Amino acid sequence: MNCKMKFRITVIACGTALLIAAAVVVAIRERQPALPMPEASVSQTPAEVRVKAVERKTETVDHEVVEASAAVAIVCGADSATAYRYEARNDALRSIARRRDLAKDDVAALMAYLRRADDAMRVERVAALKNDVMNLLRRQEPMVEGLAETLMAMIEGNIGPGRAGVPSPAAVVDGTATLPARSRDTDGDGTPSLPGNTIHPPVVIDYCIQHLGAMVNELDDERRARVRGVLVKAAREKTKPYAGTALYSLAEDKRATAAEEGVLKRLTLALCKPCAHNGARIAAIQLAGQRGYVEVLPVLRETLSGEKRDAVLDTVCIGSIGLLGNADDIALIERFKGDARRSAAVEAAIKRIKGREEVGVFRQGFSSDNENQH
């Protein structure tokens, strides 16, 4: 056997030995029992971690409550580092502005903040912040108990410390507070005017009135009647800017009776007179036009005929004359046609008057034709 042949035999023998060894190993493994899967994996994928975090609902809710409570504390000025900073407090409020499920303690803290008259910030910023707090509280589900009572108490000035007959904050919140009338009846119908010592500034009172108007149709009959009583008293404050706002809030009441509509009309006509606060008067004149109170026309004509000019007041007078007046009023309002600030209102008013006159002529002619046929 030559050398080449010996080498081939050696290679074949080695290969055969390796195949036999591999077969033996496989046979041994097949005879061994399968190892059990580990009970818990040593590491988790990011997906597994996220699923488990979502499942821990209690922890997630607790985290949200903590965040909301921290934001509420900043909003209310409880954080000394941000108490003077409107931007920080406003940002905190915006972070929870869409929440409808604030914790009870957070709601109570916000209600207490509304009642407080003291604040480190300027009045206009406090008013803006409190308006947004009112929006947040009105957004809660279910409705916040005692919110309407709190707003009424803020208007009436009955929540200041150390006053006799003042309901406690807890009584205001739970709705058991009574709001005593402490000033004399000025109109002879049993409804007194607002007390003069209201502790909140007029701009905050204005927001309270607006929110009561937005809530009035959601309240039961008893609370609705109480809200209307406060709004009527506010509308009688002729020298205050929020008197006109009270008229619009009363006008929001969809359950108003004929008698209550009569009260609204009388209040509106009273505020249209020159003795009223200019802002309230403007609101009243605008509402008179919208509601069709033609009794206001003499006041409107007198105002536009006078020497004293106010662009906004003139504009609303012209607008209401357009809604209520007749062809005889066109010459009066055409005097303002060349004024850039009033010209648009003049054109719109004349168009409305002429439109009504044409309809009136058409109806008159139609009636005459029918009579002739008969």
Side-chain angles (χ1 to χ4, degrees), residues 53-79 88-116 126-156 159 167-177 179 200 204-231 245-246 248-256:
V54 170
E55 290 173 351
R56 289 194 289 266
K57 293 181 180 179
T58 303
E59 293 182 15
T60 304
V61 170
D62 287 346
H63 181 57
E64 290 178 356
V65 169
V66 170
E67 285 185 348
S69 298
V72 166
I74 294 174
V75 169
C76 297
D79 176 28
R89 293 171 66 176
N90 186 52
D91 287 344
L93 182 56
R94 290 176 62 186
S95 72
I96 57 174
R98 296 186 180 276
R99 290 288 298 271
R100 297 176 180 270
D101 58 346
L102 289 177
K104 186 176 180 180
D105 289 345
D106 289 339
V107 169
L110 291 170
M111 294 273 277
Y113 172 62
L114 287 182
R115 294 192 298 270
R116 275 194 359 241
V126 173
L129 193 67
K130 288 196 173 185
N131 175 53
D132 289 337
V133 169
M134 294 174 201
N135 278 318
L136 175 59
L137 291 173
R138 281 184 47 225
R139 192 174 289 119
Q140 298 308 297
E141 296 178 353
M143 181 187 297
V144 173
E145 287 294 329
L147 178 57
E149 286 75 12
T150 292
L151 299 181
M152 286 189 284
M154 290 172 67
I155 295 169
E156 293 198 307
I159 57 174
S168 68
V172 172
V173 171
D174 65 22
T176 61
L179 303 177
H200 294 274
V204 173
I205 299 302
D206 199 292
Y207 283 131
C208 291
I209 291 169
Q210 290 182 47
H211 285 279
L212 282 179
M215 296 169 61
V216 68
N217 293 305
E218 303 170 7
L219 302 175
D220 57 42
D221 290 340
E222 188 273 335
R223 286 192 295 170
R224 168 190 163 275
R226 292 176 64 192
V227 166
R228 283 192 61 91
V230 172
L231 294 177
T245 306
Y248 273 90
S249 290
L250 285 167
E252 291 290 332
D253 186 2
K254 296 179 180 178
R255 289 176 283 175

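Basis for what follows: all heavy atoms, side chains included, without hydrogens, waters or symmetry-related copies. The structure presented is a predicted model; accordingly, all values stated were derived computationally and were not measured.
- The CG atom of D101 sits 10.5 Å away from atom CD1 of I96, with the distance rounded to the nearest 0.5 Å.
- T245 is not listed as a side-chain neighbour of I205, based on a closest heavy-atom distance of 4.5 Å or more.
- Residues I209 and S249 form a side-chain contact, since some pair of their non-hydrogen atoms from C-beta on lies under 4.5 Å apart.
- Put simply, the side chain of D106 does not reach to within 4.5 Å of the side chain of R99, judged on heavy atoms.
- The minimum heavy-atom distance linking I74 with R89 is given by the pair O-CG, 3.1 Å.
- Residues V144 and L110 form no side-chain contact, since every pair of their non-hydrogen atoms from C-beta on lies 4.5 Å or further apart.
- For D221, the side-chain contact (heavy atoms from CB on, under 4.5 Å) partners at least two apart in sequence or on another chain are R255.
- Between M143 atom CE and L219 atom CG the span is 5.5 Å, to the nearest 0.5 Å.
- Although no hydrogens or angles enter the test, the distance criterion places no donor-acceptor pair under 3.5 Å between the side chain of R115 and the main chain of A153.
- Each of M154, K130, M152, H200 was compared with C208 under the side chain to side chain contact (heavy atoms under 4.5 Å, CB included) criterion, and only M154 meets it.
- Here CZ of R226 is found 12.5 Å from CG of L231. Values are rounded to the nearest 0.5 Å.
- The closest side-chain heavy-atom distance from Y113 to V126 is below 4.5 Å.
- Shown here for L137 and M111, the closest heavy-atom pair between the two residues is CD1-SD, 3.9 Å.
- R228 is listed as a side-chain neighbour of L250, based on a closest heavy-atom distance under 4.5 Å.
- Residues N131 and H211 form a side-chain contact, since some pair of their non-hydrogen atoms from C-beta on lies under 4.5 Å apart.
- Rounding to the nearest 0.5 Å places CZ of R139 at 6.0 Å from CG of N135.
- Annotation: side-chain contact (heavy atoms from CB on, under 4.5 Å) contacts of N217 (sequence neighbours excluded): D253, K254.
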Discussion item. If you apply the rule side chain to side chain contact (heavy atoms under 4.5 Å, CB included), what do you find for D132 with N90, and how did you get there?
Written reply: CA-CA 9 Å; D132 289 337; N90 186 52; 3.9 Å; yes
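- R223 meets the side-chain hydrogen bond (donor to acceptor under 3.5 Å, both in side chains) test with no other residue; sequence neighbours excluded.
- I155 pairs with exactly one of V230, T150, D206, V204 by the side chain to side chain contact (heavy atoms under 4.5 Å, CB included) rule, that one being V230.
- Using a 4.5 Å cut-off on side-chain heavy atoms (C-beta onward), M134 and Q210 make no contact.
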Item to complete: Step by step, work out the side chain to side chain contact (heavy atoms under 4.5 Å, CB included) result for V227 and M215.
Response: CA-CA 9 Å; V227 166; M215 296 169 61; over 6 Å; no
Discussion item. For a side chain to side chain contact (heavy atoms under 4.5 Å, CB included) check, start with the C-alpha distance between L136 and Q140, then their side-chain angles and the critical distance, and finish with the verdict.
Written reply: CA-CA 7 Å; L136 175 59; Q140 298 308 297; 3.5 Å; yes
